[in-house]
Amino acid sequence: MVLNETSILSRRNLLRWAVTSLAFCGFGKQAALAMARLRTAAEARELFIGTAVAADALRRDSSFKEAILAECSSLTPELSMKWAAAEPSRGRLELTDMDEIADFARFNGLAVYGHALLWHGSIPHWAEVMLREAPDWQHVRNHIATVMPRYGDVVRYWDVVNEPIDTGHREDGLRDSPFLRAFGSSYIERSLHDARVFSPRGRLMINEYGLEYDNQVERDRRYLFLKLIERLRSKNVPLDGIGLQAHLDLRKGTVFQNAIKEFLQEIEGFGLEVVVTELDVKEADYAASAEQRDTTVADETRRYLETVLDHANVKGVTTWGLSDRYSWLRVTDEELGAYKGAWKDGSGPGLNRGLPLDAMFMPKRMHAAMASTLAD
Ligand code: G3I
């Protein structure tokens, strides 16, 4: 469906009307916003909204499935598309999990966000040996050629390269990854060119983390990422956008809105699209009350999203999990040790609370913050 400006505006008005009416009926604005589905709020702005999923959770947890269908228009495979999962031994494809996620998406009219073709964090052992001892681009190309056409009908955005930047090592800011060691810095453009061959219409992305805070490493990473993009642009490499992972971390303070804004203006200047690809919040204070923890998480989410969503080239938001039940973020043993005695009633901190739904799939303040920021 093609949406014109009037229909988008009227959808937004409809959403505002629904929230106001619920508030009027005594629900309170927070509760009303919590009841507004993320999908409704995102679609009012023509954004997609998604979550990362692991195939086994999708398979066995019907509450998770229901929550996805209520809240999301897109799914990102948390593991199943990565090279280590897809081709654990040379030539042996393991795409059952990925096929299941793609079929679920097709059946329910959801999109899939393709994550991730080249990532140093998920190279099968055999390929690591190949990259180290007898580098052969054909194997990388085969992986791209296997995955992209198989899911091309349901995937629009592809993380072709994930996390290529590393600060404090090389002048060009590229991570000293097995791909770089095997093929030199041109591996990035090579993979984007190949991706274009196997997905002529897909949106080709580079996905990066650690771009949000006011510290030396993240300042450097923002700068080096822009430099990489500038080089790729000057060589006409097919790159359509960037993914901002957005693993927010309250231990680092609060997001540096001005720097994010400036960074996104530069990205806009390059004519690139932006997707928030892995939003979640690592907490800093597990001893506070659940209410306080949820407020802190929600406030940080709002600060981040209002900064990012101010840019017209942003196309979607994906959280790295929908419910705390399936978050990769854990309260570590070290953190538990640091808070010794904090929970006198013996309750403990429970899970990290950095996703929109709690472990029972009930919307938290982060959900309301997302719904209201999306709706604004
Ligand atoms: O399924 C096995 C289980 O059978 C085994 O007992 C257990 C022992 O460690 O491992 C389980 O697999 C783990 C899997 O997550 C499922 O929990 C893998 O070891 C572990 O490496 C894997 O981690 C994933 C990681 O990427 C590496 O692929 C995380 O779930 C996933 O959230 C994480 O996602 C990354 C993004 O792709 C890129 N950005 C950062 C983000 C978070 O690290």
Side-chain angles (χ1 to χ4, degrees), residues 38 49-54 57 76 78-79 115-116 119 121-122 162-163 165-167 207-222 243-257 259-260 263 275-308 317-340 342-343 347-370 373:
L38 297 179
I49 179 93
T51 176
V53 287
T76 302
E78 186 172 352
L79 293 169
H115 173 83
W119 183 33
S122 188
N162 194 37
E163 301 172 6
I165 302 294
D166 195 12
T167 59
N207 193 40
E208 193 50 88
Y209 74 100
L211 301 160
E212 296 80 24
Y213 292 91
D214 187 15
N215 59 54
Q216 192 58 48
V217 171
E218 303 204 14
R219 270 195 295 277
D220 287 354
R221 197 178 285 114
R222 286 189 287 271
L244 308 172
Q245 290 191 6
H247 291 293
L248 306 185
D249 189 337
L250 295 167
R251 296 167 303 181
K252 296 184 188 171
T254 98
V255 291
F256 190 13
Q257 290 176 302
I260 297 172
F263 175 82
V275 174
V276 176
T277 52
E278 306 185 13
L279 177 65
D280 57 12
V281 186
K282 168 74 185 165
E283 291 180 83
D285 181 1
Y286 292 105
S289 68
E291 200 180 26
Q292 183 54 53
R293 287 170 60 184
D294 288 352
T295 304
T296 311
V297 164
D299 288 349
E300 185 70 347
T301 305
R302 183 178 298 104
R303 268 193 295 274
Y304 181 70
L305 282 183
E306 73 190 12
T307 312
V308 173
V317 175
T318 297
T319 50
W320 206 242
L322 190 57
S323 138
D324 296 333
R325 186 183 292 190
Y326 298 118
S327 178
W328 73 294
L329 295 170
R330 307 243 174 264
V331 186
T332 62
D333 288 345
E334 206 185 349
E335 283 163 332
L336 283 176
Y339 289 111
K340 230 172 181 164
W343 302 280
S347 59
L351 301 167
N352 189 77
R353 301 181 64 86
L355 287 170
L357 307 181
D358 72 9
M360 301 310 289
F361 300 98
M362 293 307 288
K364 292 178 300 175
R365 289 173 182 207
M366 177 174 174
H367 182 280
M370 290 180 70
T373 321

Does R353 reach the side chain of M366, with side-chain heavy atoms less than 4.5 Å apart? no
Do T373 and R302 pass the side chain to side chain donor-acceptor pair (under 3.5 Å) test, and can you show the C-alpha distance, the side-chain angles, and the key distance before you say yes or no? CA-CA 6 Å; T373 321; R302 183 178 298 104; 4.6 Å; no
For a quick test of reading the model, state the closest non-hydrogen atom pair linking A287 to A342 and the distance between them. CB-CB, 3.8 Å
Working to the nearest 0.5 Å, report the span between CG of L250 and CG of L248. 7.5 Å
To the nearest 0.5 Å, atom OG of S323 lies from atom CE of M360 at 9.0 Å
Check G350 against V331 and note the closest heavy-atom contact, atom names and distance. O-CG2, 3.5 Å
Between R365 and E291, is the closest basic N to carboxylate O distance under 4.0 Å? yes
For D285, all residues meeting salt bridge (Lys or Arg N to Asp or Glu O under 4.0 Å), sequence neighbours excluded: none
Not counting sequence neighbours, which residues clear side-chain hydrogen bond (donor to acceptor under 3.5 Å, both in side chains) with T277? List them please. N207
With R293, which residues qualify under side-chain hydrogen bond (donor to acceptor under 3.5 Å, both in side chains), at least two apart? E283
With sequence neighbours left out, what residues match R251 under side-chain hydrogen bond (donor to acceptor under 3.5 Å, both in side chains)? D249
Could you measure the distance from the CD1 atom of I260 to the CZ atom of R222? Nearest 0.5 Å is fine. 7.0 Å
Which is it for T319 and L279 under the side-chain contact (heavy atoms from CB on, under 4.5 Å) test, yes or no, and what are the steps along the way? CA-CA 4 Å; T319 50; L279 177 65; 4.1 Å; yes
For the side chain of D220 and the backbone of D166, is there at least one donor-acceptor N/O pair under 3.5 Å apart? no
Sub-3.5 Å donor-acceptor pair from the side chain of E208 to the main-chain atoms of I165, do we have one? yes
Work out which heavy atom in G354 is nearest to a heavy atom in V297; give both atom names and the distance. CA-CG1, 4.1 Å
Report yes or no: does E163 contribute a side-chain atom to a donor-acceptor pair with the main-chain N or O of W119 at less than 3.5 Å? no
Does any part of the side chain of E278, heavy atoms only, come nearer than 4.5 Å to the side chain of T76, both counted from C-beta? no
Residue pair V276 / A246: nearest heavy atoms and the distance that separates them: CG1-CB, 3.9 Å
To the nearest 0.5 angstrom, please state how far the OH atom of Y209 sits from the CG atom of L244. 14.5 Å
Of all heavy-atom pairs between Y339 and A284, which one has the smallest distance, and what is that distance? OH-O, 2.6 Å
Please examine the side chains of V317 and I49, heavy atoms only from C-beta on, and report whether any two atoms are closer than 4.5 Å. yes
Please list, chain by chain and in numerical order, all residues satisfying side-chain hydrogen bond (donor to acceptor under 3.5 Å, both in side chains) with T296, sequence neighbours excluded. Q292
Using salt bridge (Lys or Arg N to Asp or Glu O under 4.0 Å) as the criterion, list what pairs up with D324, not counting sequence neighbours. K364
Which value, rounded to the nearest 0.5 Å, describes the distance between L355 atom CG and F361 atom CZ? 11.0 Å
Please lay out, stage by stage, how Y286 and N352 fare under the test side-chain contact (heavy atoms from CB on, under 4.5 Å). CA-CA 8 Å; Y286 292 105; N352 189 77; 2.6 Å; yes
To the nearest 0.5 Å, tell me how far K282 NZ sits from L329 CG. 6.5 Å
Sidechain-backbone polar pair: R330 side chain, S327 backbone, donor-acceptor under 3.5 Å: yes
Would you check if Y326 and T51 make a side-chain contact, meaning some heavy-atom pair closer than 4.5 Å? no
Quick test of your reading of the model: are E218 and K252 salt-bridged, counting only N-O distances below 4.0 Å? yes
Closest heavy-atom pair, E300 versus V255, reported as atoms and distance to 0.1 Å, is OE2-N, 3.0 Å
Describe, in one word, how the ring planes of W320 and H115 are oriented to each other, choosing from parallel (under 30°), tilted (30 to 60°) and perpendicular (over 60°). perpendicular
